[in-house]
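Below, read A as the first sequence line, B as the second, and so on, with proteins coming before strands; counting in each chain starts at 1. Reckoned from all heavy atoms, side chains included, excluding hydrogens, waters and symmetry mates. Predicted model only: the values in this text are computed from it and were never measured.
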2 protein chains.
Amino acid sequence: MTESLNTGLLLFLPYRALEFRVFEGLAAAGFDDFTPAQARVFQRIAPGGSRTTELAEQAGITKQSASFLVDQLERAGYVERVPDPADGRARLVRVAERGARSVEVSRGIVAEVEAEWTAHLGARRMAQLRTLLADLREITDPWR
Amino acid sequence: MTESLNTGLLLFLPYRALEFRVFEGLAAAGFDDFTPAQARVFQRIAPGGSRTTELAEQAGITKQSASFLVDQLERAGYVERVPDPADGRARLVRVAERGARSVEVSRGIVAEVEAEWTAHLGARRMAQLRTLLADLREITDPWR
DNA sequence: CCAACTTCGTCAGAGTCTCTTACCATCTCG
DNA sequence: CGAGATGGTAAGAGACTCTGACGAAGTTGG
């Protein structure tokens, strides 16, 4: 409702636009067998691998849900699970070969969209936006 | 993965933080019988009412899904459906009394969070952020 | 060492959300 | 008026998420 949109919607709109473009591009490149929910978990896998519980916390879902999504990503070949050498209870979720290829593709699409945004805002203001968002992250992201 | 987060995640993090705070606050005020999906539809109801199809488009879901969510919002007393005087096929979804009260509460919470963000960024940079996001909306929001 | 507690993960079951397909009613236009 | 477009509903299936309960492994304090 309203004259001036609240900041939440203002943040959400470009996020969704970007997500949509990435999905579209990945599907066109043959990576069409995963869902938004799976992607949001996949996106948070750390370079050396992450535990399911970590992924759950960062994605804002329960560990059961995260486990469910990782199962599917594993079946589709995007990730693999290996024992965690540091903890016998845990297993590390790592990006598998196919997952790495999809990351490459999505990187390209994100760069493309960011270029469009930069063209619209101007390089200086685009940099400003990123700086502002990074600063905001300090008080809105519990994980650093 | 990575040193510098992509802009998408940078946008998503504060969005989610704000949404979480609003939910928390609404629940504390007794508005605890609705879900995030329902809220995302509710949020887009225009002042004079909206058609289900409009809500679906703007929320990025099918009209069937929107209808499903509106049903629940109606049952919980947040919205009401009235015939659209301009079109015999259509019905307008309007904010009902209880919905209006929840809007009041959420407005207060949003203002509170925005004040925190302003305190963190500074008034000038907060205004910049909103301006930048509003500009970005021009190329990321299909509905104006 | 061992008992209590915590943490990582799984299983089972239910509720929520979303989609596709199909259909009816109404409106618009030629 | 008839054809096509549009607003909405119905039915069914699949995806996502949660709560509760549990086993296995790690941690801590006596």
Side-chain angles (χ1 to χ4, degrees), chain A residues 12 16 19-20 23-24 27 31-46 48-76 78-94 143, chain B residues 12 16 19-20 23-24 27 31-46 48-76 78-94 143:
Chain A
F12 182 68
R16 191 179 61 183
E19 187 180 72
F20 179 80
F23 261 74
E24 197 180 41
F31 300 106
D32 57 355
D33 55 347
F34 67 97
T35 66
Q38 288 165 31
R40 282 191 279 270
V41 166
F42 179 79
Q43 195 176 185
R44 287 174 169 80
I45 300 174
S50 300
R51 296 180 185 173
T52 304
T53 304
E54 288 172 353
L55 295 177
E57 279 179 3
Q58 292 182 26
I61 57 179
T62 61
K63 57 186 179 176
Q64 292 89 330
S65 296
S67 180
F68 176 84
L69 296 170
V70 169
D71 280 349
Q72 299 175 315
L73 286 168
E74 190 176 24
R75 239 176 281 125
Y78 288 103
V79 306
E80 58 190 0
R81 287 198 244 220
V82 298
D84 184 342
D87 191 328
R89 296 165 302 179
R91 289 203 286 165
L92 288 178
V93 178
R94 291 197 312 199
W143 302 273
Chain B
F12 182 68
R16 192 180 59 184
E19 187 180 73
F20 178 79
F23 261 73
E24 197 180 40
F31 301 105
D32 58 353
D33 55 347
F34 68 97
T35 66
Q38 289 165 28
R40 283 191 280 269
V41 165
F42 179 80
Q43 193 176 187
R44 287 174 170 79
I45 300 174
S50 300
R51 294 178 186 176
T52 305
T53 305
E54 289 172 353
L55 295 178
E57 280 179 2
Q58 293 183 25
I61 57 180
T62 62
K63 57 185 180 177
Q64 292 87 335
S65 297
S67 179
F68 177 83
L69 296 170
V70 170
D71 280 348
Q72 298 176 316
L73 286 168
E74 191 176 23
R75 238 175 284 124
Y78 289 104
V79 306
E80 57 191 0
R81 286 198 245 221
V82 298
D84 184 343
D87 190 330
R89 296 166 301 180
R91 290 202 286 165
L92 288 179
V93 179
R94 292 197 310 200
W143 303 273

* Structure fact -> Heavy atoms of B:A76 and B:D33 approach each other most closely as CB-OD2, 3.8 Å
Anything under 3.5 Å between a protein N or O and an N or O of nucleotides 13-15 of chain C, put it in a table, one pair a line.
none

* Asked: Just checking B:T53: base, sugar-phosphate only, or nothing, at a heavy-atom cut-off of under 4.0 Å?
  -> sugar-phosphate
For a quick test of your reading: what N or O donor-acceptor pairs under 3.5 Å do the side chains of residues 57-67 of chain B make, sequence neighbours left out?
{"unit_1": "B:T62", "atom_1": "OG1", "unit_2": "B:S65", "atom_2": "N", "d": "3.2"}
{"unit_1": "B:T62", "atom_1": "OG1", "unit_2": "B:S65", "atom_2": "OG", "d": "3.1"}

* Structure fact -> Checking A:V82, A:T52, A:V41 against A:V93 for side chain to side chain contact (heavy atoms under 4.5 Å, CB included), the one that qualifies is A:T52
* **Contacts of B:F34 that satisfy ring-ring contact (aromatic ring centres under 6.0 Å, His included) - sequence neighbours left out** => B:F23, B:Y78
* To do: Specify the residue among B:E54 and A:A66 whose closest nucleotide of DNA chain D lies further upstream toward the 5′ end.
  => B:E54
* Asked: Does a side-chain N or O from B:T62 land closer than 4.0 Å to OP1 or OP2 of C:dC19, or not?
  -> yes
* Structure fact -> side-chain contact (heavy atoms from CB on, under 4.5 Å) filter on B:E54, not counting sequence neighbours, yields B:S50, B:R51
* Asked: Hey, what bend do you get for the helix from C:dC1-D:dG30 to C:dG30-D:dC1 if you fit axes on five pairs at each end, rounded to 10°?
  -> 30°
* If you walk 5' to 3' along DNA chain D, what is the first nucleotide with an atom under 4.0 Å of a heavy atom in chain B, and what is the last? -> D:dA5 to D:dA10
* With the sugar-phosphate defined as primed atoms, P, OP1 and OP2, and the base as all remaining atoms, what B/S/- string results for nucleotides 22-30 of chain C, 5' to 3', for protein heavy atoms under 4.0 Å? -> B--BBS---
* For DNA chain C, which residues in residues 31-40 of chain B have a heavy atom at a distance below 4.0 Å? -> B:T35, B:A37, B:Q38
* Return the set of residues passing salt bridge (charged side-chain N to carboxylate O under 4.0 Å, His left out) with B:R91 (not counting sequence neighbours), or none when no residue passes. => none
* By salt bridge (charged side-chain N to carboxylate O under 4.0 Å, His left out), which residues pair with A:E80, not counting sequence neighbours? -> A:R94
* If you look at every heavy atom in B:L92 and B:G48, which pair is closest and at what distance? -> CD1-O, 4.1 Å
* Asked: C:dC17 C1' sits how many Å from A:F68 CZ, rounded?
  -> 13 Å
* Kindly write out the residues that satisfy salt bridge (charged side-chain N to carboxylate O under 4.0 Å, His left out) with B:E74, not counting sequence neighbours, or none if the list is empty. => B:R81
* Could you state the CD1-C1' distance from A:I61 to C:dT16, rounded to the nearest angstrom? -> 15 Å
* **Minimal non-hydrogen separation, A:L73 against A:Q38, with atom names** => CD1-O, 3.6 Å
* Excluding sequence neighbours, so at least two apart, what forms salt bridge (charged side-chain N to carboxylate O under 4.0 Å, His left out) with A:R40? -> A:E19
* Taking the nucleotide of DNA chain D with the closest heavy atom to each, which residue, A:G60 or B:L92, is nearer the 5' end? -> B:L92
